[in-house]
S.K.: 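I'd like to ask you about the structure that follows.
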Amino acid sequence: RVAVPSSHPHNAVQNTAARRSGPRFVEVMRPMSDKIDTLLKEGRVIQPSARTKAAAHIPDYDQAYKASIADPEAFWGGVAKELDWFTPWTRVLEWNYPWAKWFVGATCNIAYNCLDRHANSWRRNKVAIIWVGENGEERIFTYGELLRQVNRCANALKALGLKQGDRVTIYLPKIPEQVVAMLACARIGVIHSVVYSGFSAPALASRIQDAEARLVITADVGYDRGKTIPLKPVVDAAVQSCPSVEKVVVVRRDALGVALTAPKEIDWTDWLKEQSAVCAAEPLDAETPLYILYTSGTTGKPKGVVHVHGGYMVGTYITTKYVFDLKEDDVYFCVADPGWVTGHSYIVYGPLLNGATILMAEGKPDYPNPGRWWDLIARYGVSIFYTTPTAVRLLMKYGEDWPKKYDLSTLRVLGSVGEPINPEAWEWFYRVTGSDKPIMDTWWQTETGAILVTPLPSVPLKPGSATRPFLGIEADVVDKEGHSLPSNAGGFAVIKKPWPAMMRTIYKDPDRYKVYWNTIPNCYTAGDVCRKDQDGYMWFMGRADDVIKVAGNRIGTAEVESALVSHEAVAEAAVIGKPHRTAGEAIKAFVILKQGYQDSKELIQSLKDHVLKELGKIAVPQEIDIVPSLPKTRSGKIMRRVLKAKELGQDVGDISTIED
Ligand code: WTA
C-alpha cells in the first residue's frame, strides 16, 4: 500500500479551506500487471436538498434503476417512445456479440427529432441557441430559425451532389455554423466528421483521408484569447494530400475576408443564399451512421468511432433529461468544444432533442478575465452548467473573489466530465456556487456515446465519485478474467450489456472495435481502472492504458511519439502523462537523438515546434528529456509505465519482461 507523493493529481491542488486534517491518502493506479491499491479516504456524503428531490424527474434512483435493469429492453423501448419515429421497430435489440442493432427495422432521423419536433409545436419561437462569441458578439436562434438554416444547408449539400453515406469533414471553431452543418448532414443521411479546430494540418489530413470526405467545411479564422487564429491555411495544407475532397466551404468571420479560389472554394453565405428553407428530413434506418469522431487509442492512428441515428438519439436524449433534470425553462450551458464528443452529445444532440435553450460560448474561461463564465451564467440566467475538472482547477487558481462578484442564484444543477474530479476541486465548485447545487460527475467516453455512470440530482453525492450507473446500464469492476471484485478492490471498469448509444464500429476497422468486447470476457472494457465502494459507488482512477488526458482531451501516446520521430534529429521517442496542477496530466517526452545531434535548448524548442506543426497545441510535450535508451520489453515494446513510475518516484513494479 502506497501513500502517493503530492505530485499526484488528486493531491495537486492547494486549497487550504477545503483541506482536512491528517495525512491525505489518494488512489494509486499500479501498472496493469499489478494489484491496484485504492487508498482514498473520502467519507462525506451530500444529501440532495428537499427542493431538488421533489422536482426531480427520477426522485427515487434505486427503484428506477432496479426496474430498468430487470428488463433493459423494455426500459430503452419506453424511452424511445418519447421520441418521433417514421416507422416503428420490430425488435428493440438484436445482439450478435459484439455487434448490436437497436430499434431494428425502425426509421427515424435525429435531426428531425432535434428540430421539427419542436418547430412544429409551440416551441417554434423558443430560443434554441444563444451564441456568444469571444468578442462579445451575440447571435440567437429560435427552433424555427435553426430549422430554416439547417434546411438551407441541407439543400446546399444536396446541390453539391452529396448523398446518404457520403462523409463531410467539419473543421470549425465554436460557432453556430458548426451546429447547422452537423444537423444538415444528419438531415439527409450524410455522415459528419468533426475535427477539433486546434488540430494542425497533418492531423486534419489523416482524419479527412481516413473518412474519405468529399467536402470540408471550415472558417477563415478562429479566436483564442483575443488572438486571431487562421484556419483556412491549415485546411489548404491538409487538402493537398486529400484527393477525396471536391469542395471546401468557408465561413468568413474576419472583416478582411480571406481570398477564395473558385470553383473549389465556396463562401458559406453564398452557398446558402439561393437555397430553400424547406427540406424534408430523410427517413433513415435506425442503424444509419450519423457521425464519425476520431479519438485516440494506445496504438496507431486515431480511431474513427461510428455512432448511428437511432440508438444514439435515445441515449443522448434521456441522459440529458435525467442527469441534468432538464426542464422546459432551463438555460443549459455546456462549455465543451463541439470538436469533442461532449460537444456532440451534450451541446448539440442531447439538449436539442429535449427542446432546451442552449448557451454556446466561444472562448476560454479566463479571457478576457476569470469572471467570463460566471458573468455568462449571471447574464443569461444559466440554470445547468456542465464543465470539466480542468476548467474548475483553472478557475480555482484565480480564487473565490471572481465567482463572488456575480449572481449565480439561477444555477440549479452542475456537471463535470472528462477526467476524475478531485475532491478539492469538487468542494470548491460546490461552495462557490452556493453549496446547494448538486454536481453530476459524469463518466463516459467517445465510444459510449452517452453518459454511463453518473449521479442523478436526487442521488446522495460523494465528492470524487461518479456514483452509480445510469438507468439501464450494468456497470461493474472486474479482474482480467471478468470476475466481479469485492467492494473497494481496484480493477477494470466494464459494462456488462449493450446500450443504445454505444458505438457500432470503428470506421473501416472492425477488428479494432472487437477489442473493446474481447479484452475481458462478456463485457465492454472501457480501459479505465476503478473501484466500487461498499455502497456501490464507483470511483474512477484513470486509464489502464497509456492514453494521456490533457485538459480532459484524450491524446494517444503513439501519435505524439510518431510526430517526434518524424523530426530529423529523433531516433526514438516515448511519451507519458505526468500529473499537472490544472490540466490533470501534461505530456512528458523521452527522446533518443540520432547520431550527430546534441541536446540543446534550441533543439528542445525545435522538437516542440515540430509537434505543434504536426499535431497542434494540445499535443505539445511540456517537458522533453534527451535520454540514451528507453526501457523495453523483450519483444521491443516501450514500457511507458516504467518511465512513468521512475518519473514519479514510484515503485516500478514487475519488470521481469524488461530487456535492459
Ligand atoms: C475519462 C469524454 C473519471 C475516462 C466524455 C474515459 C472520466 C475517458 C470521466 C474518455 C469522469 C471521462 N471521471 N474519468 N467523470 N469522464 N473520463 O473519449 O478515462 O474524451 O475513459 O470522452 O475520459 O475520454 P473521451
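Order of appearance sets the numbers: ligands from 1, and atoms from 1 within every ligand. Just so you know, these numbers use all the heavy atoms, side chains as well, and skip hydrogens, waters and symmetry mates.
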S.K.: Establish, from distance only, whether the side-chain atoms of Thr446 and Tyr294 form a donor-acceptor pair under 3.5 Å.
M.R.: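 No, because no side-chain N or O of Thr446 sits under 3.5 Å from a partner of the opposite role on Tyr294.
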
S.K.: Tell me whether the guanidinium CZ or amine NZ of Arg468 lies under 6.0 angstrom from the six-membered ring centre of Tyr61 and within 45° of its axis.
M.R.: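 Arg468 over Tyr61 ring: no.
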
S.K.: Please check if the distance between the ring centroids of Trp499 and Phe470 is under 6.0 Å.
M.R.: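 Here the rings of Phe470 and Trp499 have centres that are no less than 6.0 Å from each other.
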
S.K.: Name the one of Arg554, Arg641, Arg640 that satisfies salt bridge (Lys or Arg N to Asp or Glu O under 4.0 Å) with Asp546?
M.R.: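 Among the candidates, only Arg640 passes.
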
S.K.: With a 4.0 angstrom cut-off on heavy atoms, strictly below it, pick out the residues next to ligand 1 and order them by chain and number.
M.R.: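 Protein residues near ligand 1 are Val341, Thr342, Val417, Gly418, Glu419, Pro420, Asp441, Thr442, Trp443, Trp444, Gln445, Thr446, Asp528, Phe540, Arg543, Lys549, Arg554.
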
S.K.: How would you list, by chain and number, every residue that makes a ring pair (Phe, Tyr, Trp, His ring centres under 6.0 Å) with His309, sequence neighbours excluded?
M.R.: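 For His309, no residue satisfies ring pair (Phe, Tyr, Trp, His ring centres under 6.0 Å) once neighbours in sequence are set aside.
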
S.K.: Using only atom types and a distance under 3.5 Å, with no angle test, would you say the side chain of Asp441 pairs donor to acceptor with the backbone of Pro455?
M.R.: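 Flag not set: sc Asp441 to bb Pro455 has no pair under 3.5 Å.
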
